[in-house]
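Report on the structure given below.
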Amino acid sequence: PVQPGGPDILLGGSSPQTFARVARNQGWIAGAGGGAAGFARGKEQIMEEWAKAGRQGTPRFIAVGHYSLGPNADDNARKVLASSYGAERA
């Protein structure tokens, strides 16, 4: 639980349940899926939950970006992302 002076608790995920939990903590880490539009949708939903929870101010928002370099960059990136997020989100 959130405690004064404690570390910020940031949550990742994109389900309605995650967004409700973010409103009880300090912020959200947006994963690789969804791009800018997905980030904007998630942020909007989190802000709705934040307001419903009676929270003042705004939560922290962090976006994760991935990149790969070299002659096999696309293939390497897809392999790494698939192992982390699942093939459908790579």
Side-chain angles (χ1 to χ4, degrees):
V2 177
Q3 298 179 19
D8 286 350
I9 298 174
L10 308 177
L11 303 168
S14 58
S15 70
Q17 295 85 356
T18 298
F19 297 151
R21 284 191 292 272
V22 169
R24 296 189 303 268
N25 291 283
Q26 284 88 16
W28 180 52
I29 302 171
F39 183 87
R41 282 190 304 274
K43 182 178 178 184
E44 181 179 315
Q45 292 173 2
I46 288 167
M47 291 307 298
E48 289 174 13
E49 292 293 333
W50 194 263
K52 282 196 277 186
R55 300 286 303 269
Q56 299 295 314
T58 58
R60 287 180 60 189
F61 291 100
I62 297 174
V64 174
H66 298 277
Y67 65 92
S68 181
L69 303 173
N72 298 318
D74 287 344
D75 288 337
N76 291 336
R78 289 183 204 293
K79 287 177 189 173
V80 169
L81 292 173
S83 70
S84 297
Y85 297 104
E88 70 279 354
R89 296 192 74 181

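A distance-only check finds no donor-acceptor pair linking the side chain of R55 to the backbone of E49 [under 3.5 Å]. Side chain of W28 to main chain of A23: no donor-acceptor pair is present (N/O by atom type, distance under 3.5 Å, no hydrogens or angles). For W50 (side chain) and V22 (main-chain N/O), no donor-acceptor pair under 3.5 Å exists by modelled atom type. In terms of modelled atom types and a separation under 3.5 Å, the side chain of Q26 and the main chain of L10 share no donor-acceptor contact.
Between the OG1 atom in T18 and the CG atom in L11 there is a gap of 7.0 Å [rounded to 0.5 Å]. Rounding to the nearest 0.5 Å places CD of E48 at 10.5 Å from CD1 of I46. In this structure, S15 OG and Q45 CD are separated by 9.5 Å, a value rounded to the nearest 0.5 Å.
Between M47 and P59 the shortest heavy-atom distance is SD-CD, 3.6 Å.
The cluster map of Ile, Leu, Val, Met, Phe, Trp and Tyr, joined by side-chain heavy atoms under 4.5 Å apart, puts I62 and L81 in the same cluster.
Counting only heavy atoms from C-beta outward, the side chains of R60 and D8 approach each other to under 4.5 Å.
A salt bridge does not link R41 with E44: every distance from a Lys NZ or Arg NE/NH1/NH2 to an Asp or Glu carboxylate oxygen is 4.0 Å or more.
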